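Working notes for the structure below.
Source: prediction; values computed, not measured. Here is how names work: the chains are called A, B, and so on, in the same order as the sequence lines, proteins then strands, and each is numbered from 1.
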Amino acid sequence: MKRLAKLLTLALAWTLAVPGVVRAEETVNIGLLSDLSGPTSAVGVPYSEGIKDAAKYLNENGGIAGKPIKLIEVDYAYNAQQALSAYKRFTSQDKIVALQGWGTQDTEALTKFVGKDQIPTLSASYSAHLTDPAKAPYNFFVAADYSTQIRGALKYFKGNWKEARAPKVAFVYPDHPYGLVPIPAAKDYAKELGFELVGDETVALGAMDAMAQMLRLQKLAPDYVWIGGTTPSAAVIMKDAQKLGFKTTFFCNIWGVDESLFKLAGDAAGGAYSLQTAVVYGQKVPGMAVIEKLTGGTPKMTHYIRGFASMLVMAEGLKIAAAKGPLTGPAIKDALETLRDYNPMGLTPPISFFPNDHRPNMSVIIYKVEAGKMVEVATETLERKPEWLGK
Amino acid sequence: MHGQCGLFFRTYAGEAQLFPGRFLKISMLLFFAALCLAPWAMNKYLVSILCLINISVIGAVSLNLLTGSCGQISLGHGAFFGVGAYSAAYLANLGLPFLLVLPGAGAITALTGMVFGLPSLRLKGIYLAIATLAAQLILEYVFLHWDAVTGGSGGMALDPPSIFGFAFDSDLKMFYLTLAVAALCVLCVRNVMRTCLGRAFVAIRDYHLSAEIVGVDLFAYKLRAFGLSSFLAGVGGALWGSYTMYITPEQFGIGLSVSYLAMIIIGGLGSVIGGVFGAVFITILPELLNFIAQHAGAAFTDLSGALLAMKEGVFGLVLVLFLIFEPEGLANRWRLVKSYWKLYPFAH
């Protein structure tokens, strides 16, 4: 009898503890696919923190038309199969209206599903082909795509080139979908601008050494070298180049330079350029005060800020859709497509989506690594050329 | 339960039956009927897990035929799966009907598997493992760089399969399709194991020299094992591609190969039912861990983050515990459970 009483008390305590969650129809349910334990977790964790903090901030400020946002997070460990089953759970059990995705693997594996189920998806996979609504009608993101980022940087370097000869450029990237995606676009644009392409090298994402590749590149003497890896491989490349006394200007894509590079590469990273699409922690923009309050002044990586902005942009779409009627996938998609120069509290360049063009903007923020800090040097904005869409 | 105690087979054919005894036949029939009815009582999420299990069953059973039954270790199964998926996408985009796409993808994968199985005549054990690892890397490279056929880094989209105008465009429909193909594959492998082909495989696995002495042509049979196993992997890959409708090279990395190896080790090497158990276990495990992390998280908010991050560790731990406490896999545990009930209430 005593045991029964104990069990009943426990059951009661459980029922009182669990339903602290608000009922489904009173919340705006958003799925959140995060990599907290897989190969991209080093950047996946801060990104998802950014999204969660933004949701917290939005809920403290009235949520979406009075309803709080409920984020349902699943750690899919960068595995397409787990992403797929998480997505099915989101749509069938949790009744999500929109999805915050993460990397290339899950975003692309789900492209057709989100299109069919009409679930607007914002992700952190910035492949240009996701910006073409004809191929990925429900995919969005808040950063200029990888190709646009390189084009912006090339334009900036060409604009600041003083010598009479053509500047030489080389590309170093992993033999991986993420590294390869922007290469054709980058080469075409470099040629168009009058760069001399001197060569390519591949360095794997998990490489421990890039000496051989740097030696070959050193002989070609490029003025600029683009690094298309992630911070660990970018650090290896920069350190090996420093060991060889190879003097060139490195510029790295969005996942190649962040605050962790200073620890990994030390002085070798000095003078490198980082292509970003959001501000860095501590920069003077309106949103930073909010972020500093939420994080208690503890610096966060730039990926956190992009996650934060991604949630703000999604919320803007949700608000517009909610003001017009019930929150459905197509309504949110249409609302997002009406955004014109929406400014997510200054955290990213202004964002616009069009029904036939999901490129959020054509701007890349160029930072230079100086004394272990990312210092903003310019924001390069390109023309929204239709022939660049999806490429 | 009216089971006979002891073996009462009077003919070889009787002994080699697929389902000996009426009890087994009826219980299999009931199990299959329950499986067919189950999705009607489930939501889309659970049905999608059943689909993933069906596809994994094909992969695990096919690898078990090669590695468990024939002793040819393969670290390239994930890539063979990918060959199936890409072949299916390519053939489907050419406009071929699904009923041709499925065996076509299998045939292309079988050919690929046999080419990479060629070193198996000279190589054994860890050397063969490395040769198949090379297959994995080469095939991944091909997926990424043969743009004209595979779409390169951008991947390939394909439509849901359709048979005689009936489109399998929902989880429920895909469940029946994958279940039917998985059941056929399991039956096929089970049958292969009853024939002289299967016996030759086992002879090669147990000791290649004795197998050769009793007249097994090592090279021909090893190639057949690679061919058959890859054919089934190709069929599985084709189903995976048709189910997700979008394939990229990343989906068929070394992680997938390792996960299939984990399935057959946990399920039980060399046993068909072991492959099925392993596939079910490995597919459900991450979902279960997510479920626990989420529900524990609802009660103890601070714990949820830590639990989510620990998930991969728990996954590894489960594998290690299996290797220590149940090295012969779930199939062996299943045998023990069956014999317990056969002898119940007597222990021996």
Worksheet entry | pair B:K44-A:D117: side-chain heavy atoms closer than 4.5 Å | yes
Practice prompt. Among the options A:L84, A:T111, A:I72, pick out the one with the most heavy-atom pairs lying under 4.5 Å from chain B.
Written response: A:L84
Worksheet entry | Shortest non-hydrogen separation from A:D175 to B:L144 and the atoms involved | O-CD2, 3.2 Å
Discussion item. Tell me if the CZ atom of B:F291 is crowded by more than 12 foreign heavy atoms within 6.0 Å.
Written reply: no
Worksheet item: Looking only at atom types and distance, does a side-chain atom of B:S48 sit under 3.5 Å from a main-chain N or O of A:S85, one as donor and one as acceptor?
Response: no
Worksheet item: NZ of A:K391: more than 12 outside heavy atoms within 6.0 angstrom?
Response: no
Item to complete: Tell me, for B:E287 versus chain A, whether the close heavy atoms (under 4.5 Å) come from the side chain, the backbone, both or neither.
Response: side chain
Discussion item. Given heavy-atom pairs under 4.5 angstrom as the criterion, report whether the side chain, backbone, both or neither of B:Y243 touches chain A.
Written reply: both
Worksheet entry | Residue B:F168 excluded, over 12 heavy atoms near CZ under 6.0 Å | yes
Discussion item. Which heavy atom of A:H129 sits nearest to which heavy atom of B:Y246, and what is that distance?
Written reply: NE2-OH, 3.9 Å
Discussion item. Under a 3.5 Å cutoff, is there a donor and acceptor pairing between the side chains of A:Y78 and B:E250?
Written reply: yes
Fill in: Side-chain donor/acceptor of A:K116 to backbone N/O of B:D169, under 3.5 Å
yes
Practice prompt. Anything in residues 97-105 of chain A with a heavy-atom distance to chain B below 4.5 Å? Please list those residues in order.
Written response: A:T104, A:Q105
Worksheet item: Distance from A:K88 atom NZ to B:C51 atom SG, nearest 0.5 Å?
Response: 7.5 Å
Worksheet item: How long is the gap from NE2 on A:H176 to CD on B:E140, to the nearest 0.5 Å?
Response: 8.5 Å
Response to the item:
One should read off an interatomic distance between A:L180 CG and B:D147 CG, to the nearest 0.5 angstrom, of 8.5 Å
Worksheet item: Does any non-hydrogen side-chain atom of B:D159 lie less than 4.5 Å from one of A:K112?
Response: yes
Worksheet, complete the sentence: Highest number of heavy-atom pairs under 4.5 Å with chain A among B:F143, B:W240, B:Y141 belongs to B:W240
Worksheet entry | Separation of B:S259 OG from A:N79 CG (nearest 0.5 Å) | 7.5 Å
Fill in: Side chain to side chain, A:R89 and B:N43, heavy atoms closer than 4.5 Å
no
Item to complete: Tell me, out of B:T244, B:V47, B:T248, B:I49, who's got the most heavy-atom pairs with chain A below 4.5 Å.
Response: B:T244
Worksheet entry | Check against side chain to side chain contact (heavy atoms under 4.5 Å, CB included), B:T283 and A:Q81 | CA-CA 9 Å; B:T283 315; A:Q81 188 173 315; 3.5 Å; yes
Practice prompt. Using non-hydrogen atoms and a 4.5 Å limit, figure out which bit of B:S56 sits close to chain A: side chain, backbone, both or neither.
Written response: side chain
Worksheet, complete the sentence: When every non-hydrogen atom of B:Q251 is compared with those of A:A109, the smallest separation belongs to NE2-CB, 3.5 Å
Fill in: Under 4.5 Å from a heavy atom of chain A, the part of B:L158 involved
backbone
